[in-house]
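Following: one structure in structure tokens, then a few remarks.
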Number of protein chains: 2
Amino acid sequence: MGDKQQDSVERPADGNKNQTSDSLPTDEDKHKKKGDPNKLTLLTWNIDGLDLDDIKERLSRLLDYLIEYHPDIVLLQEVISPIYQVLQQVLKPYHVLPGSDRSYFTAILLRKSRVQLLESSIVNYPTTKMRRNLLMAYVSFLGHPLCVMTSHMESMKPQSLERQNQLRTVWKTMREQPQDHNVIFGGDTNLRDWEVKNQGGLPEGICDVWESLGQPEDCRYTWDCVTNDNKDLPFPARLRFDRLFLRQAGKGSKVSPDGMTLVGLERLDDCQRFTSDHWGLLCTFVMKPLSQATPE
Amino acid sequence: MGDKQQDSVERPADGNKNQTSDSLPTDEDKHKKKGDPNKLTLLTWNIDGLDLDDIKERLSRLLDYLIEYHPDIVLLQEVISPIYQVLQQVLKPYHVLPGSDRSYFTAILLRKSRVQLLESSIVNYPTTKMRRNLLMAYVSFLGHPLCVMTSHMESMKPQSLERQNQLRTVWKTMREQPQDHNVIFGGDTNLRDWEVKNQGGLPEGICDVWESLGQPEDCRYTWDCVTNDNKDLPFPARLRFDRLFLRQAGKGSKVSPDGMTLVGLERLDDCQRFTSDHWGLLCTFVMKPLSQATPE
DNA sequence: AATCCAAGAGCG
DNA sequence: AATCCGCTCTTG
């Protein structure tokens with residue numbers, strides 16, 4: 001309800017299935033809880049823009065999801081130019097920041113009413129064979145300085161070595177940010193668990209958000225060909241490719257993981273496929289003031 | 001023999017080309033240079049004590065090599081208890097320091113007349129499945145404090161992850177030594193080049209001695225089943241398993257790589273096999289006083 | 001004491 | 001624009 005006043009999104013065509021509920025007490029409580037304005041909501045999603053089959057319906061559903069969840073920050077991978085154009089034109093409440101202008105690329109979407117863009121930059125992976133990079137946005141969220149990053153790291157098993165190079169770059173870049181910044185990375189890492197072990201595990205000061213939340217089984221596999229048949233693979237494969245890393249600020253308010261859920265689990269009406277071969281990861285964070293932090 | 005007085009046995013030519021040129025009688029100078037008492041000589045060798053075939057002849061030849069080259073420091077891997085007993089009883093000029101007392105293990109031999117043992121210790125690899133460890137000796141060489149290390153790191157391809165754990169431990173331990181110590185690691189690392197790349201390459205301050213010497217082809221492969229048929233493998237495989245790492249002291253005299261050559265290239269008279277399936281690496285180092293060091 | 005390499009094909 | 005997993009086995 002109060003939704004309208006703040007962040008209603010314009011859409012050209014609407015098959016409005018997911019309307020915000022009206023005034024039932026329980027629903028309103030729920031809505032209030034879900035819409036806690038102090039929480040930061042972030043969605044990361046590889047939308048498989050390289051798969052052009054059923055792209056219209058899939059893109060339409062993607063927009064529905066974005067409007068439904070209206071995350072404060074959206075991190076997308078495998079965006080292609082036509083999709084980028086639509087995002088820019090349709091998602092008026094968002095600032096759309098592309099990671100490149102050719103082939104396929106990443107994008108950061110910032111909900112203008114909640115997140116102010118201060119600066120953006122790109123870190124190159126010097127040895128990528130797939131034109132991948134690390135896209136960064138310095139923003140202000142409720143007055144707190146925040147650094148947001150996304151990347152679509154080198155794909156496929158044989159590129160393990162390059163992928164691990166990129167992982168080191170990501171972690172190093174996160175650790176180099178100013179101490180008063182919380183730093184959130186989200187993206188399609190293409191990581192296998194053994195590759196993280198291979199790097200000696202998570203470095204000091206960086207956590208894997210899914211692990212911090214207790215490794216919930218229901219959002220472990222973000223690329224799940226057991227359930228998701230978009231790729232029609234003849235074997236069962238499920239991996240946790242999409243991950244979120246967090247480096248908390250060393251002073252000031254700290255961002256802490258609060259919840260995580262998969263997005264995109266519904267088959268589309270027409271083609272009966274899914275929005276992407278990846279699930280999206282919708283994550284909420286709470287801001288913890290310094291006073292609540294554990295004393296040393 | 002004339003050996004008695006000190007250390008007058010000849011060595012193989014060392015691979016370095018940067019000889020300081022003199023203008024005098026050749027043979028005597030050469031001999032003097034080769035036996036330069038200011039140089040540190042070090043041999044590292046996996047002697048394949050797990051292969052019991054022809055062990056008597058192979059051990060006998062090993063002793064010959066040690067006596068011939070009389071290195072200041074010897075780092076051995078795959079020593080077994082009976083071999084250890086012989087080394088201790090026969091090599092009177094050496095202090096023999098074992099890395100364990102069961103199964104097969106490493107050993108550090110220190111030439112008493114040149115190298116004084118100050119202290120020794122062992123660093124455990126917490127997750128080794130093969131009882132491997134890192135054996136260390138703190139010594140004094142010509143009055144300079146020196147830390148010498150050896151290890152036989154986790155073997156075989158499938159143990160890559162554990163091996164990389166161990167590599168990080170080795171490098172970390174080397175870097176943690178006092179700044180006035182030169183630190184030399186030598187051993188059978190079982191490393192593939194891509195595993196080093198996987199760790200982001202050599203860390204700041206540590207060099208690979210073979211690389212520092214310009215990657216001489218004639219001592220690249222220390223496990224060379226093309227030439228060495230001790231294992232009678234039905235395929236050609238050659239790898240640089242045995243490596244030396246150096247962390248120079250940050251103050252005082254610095255140890256610098258001077259030359260490197262393979263050892264054990266001759267077939268034994270009787271069995272016509274080699275001393276080990278690995279070649280040994282005989283390496284010389286020079287001490288560079290602070291005054292000769294590159295200014296910052 | 002045995003093993004041991006690396007790249008590629010075929011399978012579920 | 002086409003890929004995509006991980007395991008075992010075979011081959012040189």
Side-chain angles (χ1 to χ4, degrees), chain A residues 46 48-53 55 77-78 80-82 102-104 129-132 152-161 163 188-195 220-242 273-274 276-279, chain B residues 46-55 77-83 102-105 129-132 152-161 163 188-195 221-242 273-274 276-279:
Chain A
N46 179 328
D48 199 11
L50 293 179
D51 176 5
L52 298 182
D53 295 344
I55 188 65
Q77 302 86 42
E78 286 198 39
I80 58 175
S81 206
R102 36 198 291 194
S103 190
Y104 59 98
K129 298 289 184 298
M130 300 179 175
R131 300 178 174 278
R132 307 296 171 84
H152 179 198
M153 288 163 58
E154 212 84 348
S155 306
M156 293 180 279
K157 175 89 180 302
Q159 281 64 48
S160 178
L161 201 146
R163 182 164 46 250
D188 177 2
T189 65
N190 278 302
L191 282 169
R192 282 69 170 165
D193 289 338
W194 59 266
E195 294 173 322
R220 176 190 287 263
Y221 301 109
T222 63
W223 187 74
D224 181 355
C225 297
V226 176
T227 305
N228 185 316
D229 52 10
N230 269 29
K231 290 293 179 228
D232 203 23
L233 297 186
F235 47 80
R238 16 165 67 175
L239 285 154
R240 192 167 72 94
F241 278 158
D242 302 274
R273 299 173 74 223
F274 295 95
S276 167
D277 63 327
H278 289 244
W279 309 135
Chain B
N46 179 327
I47 59 173
D48 198 13
L50 294 180
D51 176 5
L52 298 182
D53 295 344
D54 314 299
I55 189 65
Q77 302 85 43
E78 285 196 40
V79 177
I80 57 174
S81 206
I83 296 181
R102 37 198 289 195
S103 189
Y104 59 100
F105 46 88
K129 299 289 184 298
M130 300 180 174
R131 299 178 175 277
R132 308 298 171 81
H152 180 198
M153 289 163 55
E154 212 85 348
S155 305
M156 295 180 279
K157 175 87 180 301
Q159 282 63 48
S160 178
L161 202 146
R163 182 162 50 250
D188 177 2
T189 65
N190 278 303
L191 282 169
R192 283 68 170 166
D193 289 337
W194 60 266
E195 294 173 321
Y221 301 109
T222 63
W223 188 74
D224 181 355
C225 298
V226 176
T227 305
N228 186 316
D229 52 9
N230 269 30
K231 290 292 178 231
D232 203 23
L233 298 187
F235 47 79
R238 15 164 68 175
L239 285 155
R240 191 166 74 92
F241 278 158
D242 303 274
R273 299 174 72 223
F274 295 94
S276 167
D277 63 327
H278 289 244
W279 309 134

Requested in this report: Can you spot which of B/D54, B/D53, B/D232, B/D229 makes a side chain to side chain donor-acceptor pair (under 3.5 Å) with B/R273?
Outcome: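 When side chain to side chain donor-acceptor pair (under 3.5 Å) is applied between B/R273 and each of B/D54, B/D53, B/D232, B/D229, only B/D54 qualifies.
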Check every strand shown and say whether [X] touches a base, only sugar-phosphate, or nothing at a heavy-atom separation below 4.0 Å.
X	result
A/F241	nothing
B/L52	nothing
A/K157	sugar-phosphate

**Asked** So, is B/R238 near the phosphate of C/dC5, with a side-chain N or O under 4.0 Å from OP1 or OP2?
**Response**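 So the side chain of B/R238 is outside the cut-off, no N or O lying under 4.0 Å from OP1 or OP2 of C/dC5.
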Expressed in angstrom and rounded to an integer, what is the separation of [X] atom [atom1] from [N] atom [atom2]?
X	N	atom1	atom2	answer
A/H278	D/dT3	NE2	C1'	11 Å
B/H152	C/dC4	NE2	C1'	11 Å
B/N190	C/dA6	CG	P	10 Å
B/K129	C/dA2	NZ	C1'	20 Å
B/Y104	C/dT3	OH	C1'	10 Å
A/N230	D/dC5	CG	C1'	17 Å
B/Y221	C/dC4	OH	C1'	17 Å
A/W223	D/dC5	CH2	C1'	6 Å

Check: Does the side-chain ring of A/F235 sit on the six-membered ring of the D/dC5 base, less than 5.5 Å centre to centre and under 30° in tilt?
Finding: yes
Can you tell which of [options] lies closest to the side chain of [X]?
X	options	result
A/A237	D/dT3, D/dC5, C/dA6	D/dC5
A/K231	C/dA1, D/dT3, C/dT3	D/dT3
A/L239	D/dC5, C/dA2, C/dT3	D/dC5
B/L50	D/dA2, C/dA2, C/dA6	C/dA2

Margin query: Judged by each residue's nearest nucleotide on DNA chain C, which is more toward the 5′ side, A/P234 or B/L233?
Written below: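 First, find each residue's nearest nucleotide; the 5'-ward one identifies B/L233.
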Practice item. Compute whether any side-chain donor of one residue and acceptor of the other, for A/R192 and A/S160, lie under 3.5 angstrom apart. Key: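 Judged by distance alone, the side chains do not pair up.
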Query raised in the report: Do A/W223 and A/D242 have side-chain N/O donor and acceptor atoms under 3.5 Å apart?
Result: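 Result is no, nothing qualifies.
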Query raised in the report: Are the aromatic ring centres of B/F274 and B/W279 under 6.0 angstrom apart?
Result: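 When the ring centroids of B/F274 and B/W279 are compared, they turn out to be within the sub-6.0 Å range.
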**Request:** Look at atom CZ of A/R220 and say whether more than 12 heavy atoms of other residues, nucleotides or ligands are closer to it than 6.0 Å.
**Result:**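 Counting other residues, nucleotides and ligands, CZ of A/R220 exceeds 12 neighbours.
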Between C/dA2 and D/dT11 - P atom distance, rounded Å: 26 Å
